[in-house]
Amino acid sequence: MDSRLQAYRQVNVNTTNRGKIVVMLYSGAITFLNKAIIFANRNDYFNKGKFITKAQKIIDELNYSLDMKKGQDISKNLRSIYIFLGKHLTQANIKIDPNMIEQAITMLESLKSAFEEIVNNPKY
């Protein structure tokens, strides 16, 4: 990758607020899962698995970054969702089930939408 692009991305991440970063991570996971569906439908199991794994890594990062002291119930609920999504996507990968991947996308889109509302709220 071009070093200028890497530098831009690093500056973008360092200067973006946490809420926007969470939205970006959800977008990335959704993009990877949409690619996984395409590859699953083509019977390209290697790439299907690769993109599910990339989405799972993002979900894991979201989970690890939760502040359980400050977030309390919200963080606990998000952690439960992230753990569920990880297990669900593992099963989707094993079963080669695009419908299960779509279910995960739907959940992530709901979370993304909620965070977008928070981020776009002037009080945030």
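For clarity, every value in this text was computed on a predicted model and none was experimentally measured.
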J.: Can you check whether E109's main-chain N or O pairs, donor with acceptor, with S113's side chain at less than 3.5 Å?
T.: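 Checking the backbone N and O of E109 against the side chain of S113, no donor-acceptor pair under 3.5 Å is found.
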J.: Any side-chain heavy atom of I59 within less than 4.5 Å of one from L89?
T.: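 With C-beta onward as the side chain, the pair touches.
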J.: At their closest point, which heavy atom of D44 faces which heavy atom of N47, and how far apart are they?
T.: OD2-ND2, 2.8 Å
J.: side-chain contact (heavy atoms from CB on, under 4.5 Å), that's the test. Do L108 and I105 meet it? Break it down for me.
T.: CA-CA 5 Å; L108 288 167; I105 290 171; 5.6 Å; no
J.: Using a 4.5 Å cut-off on heavy atoms from C-beta on, say whether the side chain of K48 contacts that of Y45.
T.: yes
J.: Ignoring hydrogens and geometry, is there a side-chain-to-backbone donor-acceptor pair from N120 to E116 under 3.5 Å?
T.: yes
J.: Can you list the residues that meet the salt bridge (Lys or Arg N to Asp or Glu O under 4.0 Å) rule with K54, with sequence neighbours excluded?
T.: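 For K54 there are no salt bridge (Lys or Arg N to Asp or Glu O under 4.0 Å) partners, ignoring immediate neighbours.
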J.: Go through it in stages, so that I can follow the logic: the residues are N34 and F51, the test is side-chain contact (heavy atoms from CB on, under 4.5 Å), and I'd like the CA-CA distance, side-chain angles, deciding distance and then a yes or no.
T.: CA-CA 9 Å; N34 279 316; F51 284 105; over 6 Å; no
J.: When rounded to the nearest 0.5 angstrom, what is the spacing between CG in L33 and CD1 in I101?
T.: 6.5 Å
J.: Report yes or no: is the cationic atom of R79 (NZ for Lys, CZ for Arg) under 6.0 Å from the centre of the six-membered ring of Y82, at an angle within 45° of the ring normal?
T.: no
J.: In the single-linkage hydrophobic clustering (I, L, V, M, F, W, Y; side-chain heavy atoms under 4.5 Å), do I94 and I96 co-cluster?
T.: no
J.: Count I, L, V, M, F, W, Y as connected when their side-chain heavy atoms are under 4.5 Å apart, and connections chain through other members. Are I38 and M100 then in the same cluster?
T.: no
J.: A side-chain contact here means heavy atoms from C-beta on lying under 4.5 Å apart; do F39 and K50 qualify?
T.: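 Side-chain contact under 4.5 Å: no.
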J.: Nearest 0.5 Å please: distance from the CG atom of D73 over to the CE atom of M68.
T.: 9.5 Å
J.: Is the shortest side-chain heavy-atom distance between T31 and K35 below 4.5 Å?
T.: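 A side-chain contact under 4.5 Å exists here.
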J.: Are the side chains of V22 and V119 in touch, meaning some heavy atoms are under 4.5 Å apart?
T.: no
J.: To the nearest 0.5 Å, how far apart are CD in E102 and CG in D97?
T.: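 Nearest 0.5 Å value for the CD-CG distance: 11.0 Å.
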J.: Using the side-chain contact (heavy atoms from CB on, under 4.5 Å) rule, take L78 and L111 through it: C-alpha gap first, then chi angles, then the decisive distance, then the call.
T.: CA-CA 9 Å; L78 285 170; L111 290 168; 3.9 Å; yes
J.: In terms of side-chain heavy atoms, does N63 have a donor or acceptor partner in D60 at a distance below 3.5 Å?
T.: no
J.: Rounded to the nearest 0.5 Å, what's the gap from CG on L66 to NZ on K76? Could you check?
T.: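 Those atoms lie 12.5 Å apart.
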J.: Does any N or O in the side chain of S75 come within less than 3.5 Å of the main-chain N or O of D67, such that one atom is a donor and the other an acceptor?
T.: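 Yes; at least one donor-acceptor contact below 3.5 Å.
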J.: How about Q56 and L85: do any of their side-chain heavy atoms sit closer than 4.5 Å?
T.: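 SC-SC contact between Q56 and L85 ruled out.
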J.: Between CG of L25 and CZ of R18, what distance do you get to the nearest 0.5 Å?
T.: 11.0 Å
J.: Can you tell me if I83 has over 12 outside heavy atoms packed within less than 6.0 Å of its CD1?
T.: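 Yes.
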J.: Would you say N41's side chain and I37's backbone share a donor-acceptor pair under 3.5 angstrom?
T.: yes
J.: Specify the closest pair of heavy atoms between A55 and A29, including all atoms of both residues, with the distance to one decimal.
T.: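 Answer, listing the atom of A55 first, then A29: CB-O, 3.8 Å.
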J.: Can you tell me how far the CG atom of L62 sits from the CD1 atom of I81, to the nearest 0.5 Å?
T.: 11.5 Å
